[in-house]
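Here is how names work: the chains are called A, B, and so on, in the same order as the sequence lines, proteins then strands, and each is numbered from 1.
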There are 2 protein chains.
Amino acid sequence: MTTQPKTANITADDVAIAAGVSRWTVNRAFKKDASISPKTRDKVMKIAEEMGYIPDLRAASLASDRSNLVALLVDDFSNPHKLVMLERLTTAMRSRGWDTLLVNTLDANDTAPALMHASRRRVDASILIGLQFDDDVLETVQKAHNIKKLIIFARRSEQENTISICVDDRQATLEIANYVADKGYKKPFYVAGPRTTSAHLSRKETFAEYWSNTFGTDVQSLAVGAYDSILATNAVQTRFANVPSDGLPDILVCENDAIAMGAIDAVRHHLGLRVPEDIAVFGFDDVPQGASPNYRLSTYRQPMTDMANYLVDVLESNDTTNMDRQFIGTLIIRESA
Amino acid sequence: MTTQPKTANITADDVAIAAGVSRWTVNRAFKKDASISPKTRDKVMKIAEEMGYIPDLRAASLASDRSNLVALLVDDFSNPHKLVMLERLTTAMRSRGWDTLLVNTLDANDTAPALMHASRRRVDASILIGLQFDDDVLETVQKAHNIKKLIIFARRSEQENTISICVDDRQATLEIANYVADKGYKKPFYVAGPRTTSAHLSRKETFAEYWSNTFGTDVQSLAVGAYDSILATNAVQTRFANVPSDGLPDILVCENDAIAMGAIDAVRHHLGLRVPEDIAVFGFDDVPQGASPNYRLSTYRQPMTDMANYLVDVLESNDTTNMDRQFIGTLIIRESA
DNA sequence: AAATATGTTGCACGCGTGTGCAAAAGTCGT
DNA sequence: ACGACTTTTGCACACGCGTGCAACATATTT
């Protein structure tokens with residue numbers, strides 16, 4: 001970059017003078033539903049364009065106490081589903097005038113600092129997307145800082161003063177369990193993700209409950225340390241490496257696709273078995289990679305676009321009491337189960 | 001969310017009064033290298049903490065003309081490598097005090113509007129990460145708006161007034177070509193991504209040039225419409241579906257891993273051949289998924305962390321002429337080639 | 001103890017815009 | 001052409017903090 005032509009930043013005042021109107025009229029021209037005549041707006045916009053004027057949102061935000069900025073805290077970049085979420089959220093938000101401050105939560109203890117940091121930019125809301133935020137942390141954070149809106153996305157939270165937008169986990173899990181039972185699987189095994197101290201019933205527990213109620217048998221399970229395929233592969237491999245074939249499950253029901261794909265890899269490449277003939281696998285999320293002919297993963301799709309749009313509704317509403325909402329997704333059946 | 005306790009926003013003035021110092025001293029306490037005695041700083045910080053004071057970066061930015069905000073424009077969320085980049089970039093930036101404004105470039109024509117939109121927040125720099133930004137667009141954008149720093153990340157650009165931070169494509173491709181030749185492959189085929197109007201030699205051209213110079217034979221190729229595995233699978237399948245086996249290549253050299261993984265799927269599941277015995281596959285980027293036992297993808301790793309750190313160096317430097325830089329990565333050899 | 005160096009604190013002014021209201025200009029019917 | 005509307009425009013004040021310098025306080029030297 002060479003030096004700019006020393007153009008002392010152009011303000012609305014400059015444009016106003018050039019256009020022969022007041023500064024306020026200039027800013028009105030840029031404001032969507034402002035009361036201004038089309039004629040003057042055109043004139044102002046044209047001159048503004050020529051002069052290269054761009055309204056300063058810092059000043060606007062300072063004066064209006066609304067930033068139109070939303071912090072998006074992400075704590076786990078290894079799950080490809082995050083990319084889908086990011087895409088859907090940013091699309092929905094930007095198309096409706098909301099900007100995204102992407103905050104990488106470095107580790108589990110960084111949630112509070114990260115949230116506080118975002119507050120320095122006076123974000124209108126903070127969105128938590130990811131699962132390491134357990135309810136304890138939220139409580140602490142919520143008390144300490146005056147967060148305007150705290151939205152938990154794609155995860156259930158019972159926390160007070162928090163808006164949770166997610167899929168109905170219970171319903172989803174029951175649909176999956178139903179499918180698994182209908183297809184005649186007898187020995188399901190649940191592969192869960194990292195334990196969170198969330199208050200509500202986890203997918204694993206819902207599944208186990210259903211199975212126990214229906215067949216009177218317990219469902220065994222294991223927990224992977226993170227939503228990461230490689231870790232899942234290792235976990236599944238070590239868990240079943242020395243298990244005789246009649247002790248193996250006939251289906252691995254996984255908490256999400258990242259784990260499910262890792263599980264498939266383990267079944268095929270470490271246990272030397274076939275999917276789904278020997279062991280079937282079921283996922284959750286419907287990540288694009290799951291559609292690959294390698295995986296053909298049966299899974300459950302969350303209505304991400306609807307959820308993202310609803311999130312913007314929440315951003316735009318003033319009274320956000322009771323705006324928690326659970327969405328219903330759809331079973332995606334491919335060949336893995 | 002219930003209504004907050006109507007706490008009219010706490011400012012430095014409030015803290016100053018409570019602490020018996022001037023407002024400026026309060027802000028100094030929050031400023032890293034400010035000239036302030038440890039004693040007063042502690043006192044101020046303690047009171048600020050109690051009162052829940054959080055400095056307002058909008059006002060700070062307005063007054064200082066430095067926002068410490070960087071726009072990150074992303075135009076393609078289907079390539080899992082983006083997730084890696086996002087993670088590395090945000091980690092490097094946040095750890096050194098830079099915030100990220102994530103802007104989803106809705107389509108190819110949205111680059112200019114997106115950049116302009118970011119300017120409204122007076123970002124200190126804009127980073128382009130993704131390949132749909134061709135040089136024509138950049139030129140237009142550059143002229144129209146007073147962008148402070150325009151950084152092209154992970155892609156070469158010859159554009160004036162632009163800082164390009166990327167891997168040395170030529171060197172990388174030559175390393176790959178060398179490896180392919182050394183291993184005795186005779187009939188390589190190049191699977192490229194979408195064509196960009198970039199001025200410099202593409203990876204495909206470099207590879208073809210090497211092959212032609214070394215063996216005197218041309219390298220055939222095909223271009224996939226996007227860096228997307230599914231599209232790549234389809235493209236490879238249709239290209240080779242009716243080709244007799246002696247007309248098939250012995251290795252597919254791919255422009256990146258997303259395409260390479262799609263190519264592997266096509267070879268195995270549509271052409272019914274083995275990787276690498278019948279057709280080998282080579283990638284680029286080293287995405288985590290490539291390490292899966294399903295793919296065991298041989299590829300080229302870009303030094304993302306170094307590149308991200310260097311990017312922050314650029315953010316922090318005043319004179320950014322001649323800061324273009326090309327990094328050297330490393331060949332990652334697994335079983336796919 | 002005075003003189004000098006060093007560290008610490010206070011302040012006038014400016015950064016660029018929104019809010020709510022009042023004044024001015026335009027519209028319409030008769 | 002007049003009154004009663006409606007639309008459009010202008011404005012005082014506020015938003016919260018940084019800059020650069022001057023004043024003040026404390027530590028160091030002679």
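We find that Arg96(A) and Asp313(A) are joined by a salt bridge, their nearest charged nitrogen and carboxylate oxygen being less than 4.0 Å apart.
The outermost nucleotides of DNA chain D lying under 4.0 Å from heavy atoms of chain A, listed 5' to 3', are dT8(D) to dG16(D).
Considering only heavy atoms from C-beta on, Asp99(B) comes within 4.5 Å of His117(A) through its side chain.
With rounding to the nearest 0.5 Å, the separation of OG in Ser67(B) from CG in Leu57(A) is 12.0 Å. Here NZ of Lys31(B) is found 11.0 Å from CZ of Arg41(B). Values are rounded to the nearest 0.5 Å. Considering CD1 of Ile151(B) and CD1 of Ile163(B), their distance stands at 5.0 Å, rounded to 0.5 Å.
The shortest non-hydrogen separation linking Ser157(B) to Ser164(B) is N-OG, 3.5 Å. When all heavy atoms of Gln302(B) and Ala154(B) are compared, the pair lying nearest together is OE1-CB, 4.3 Å.
The residue Ser35(B) sits close to a base: some heavy atom pair falls under 4.0 Å.
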What does nucleotides 16-27 of chain C look like as a protein-contact string, B for base, S for sugar-phosphate only, - for none, at under 4.0 angstrom between heavy atoms?
-> BBBB--------

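Judged by distance alone, the side chains of Thr320(B) and Ser317(B) never bring a donor and an acceptor atom under 3.5 Å apart.
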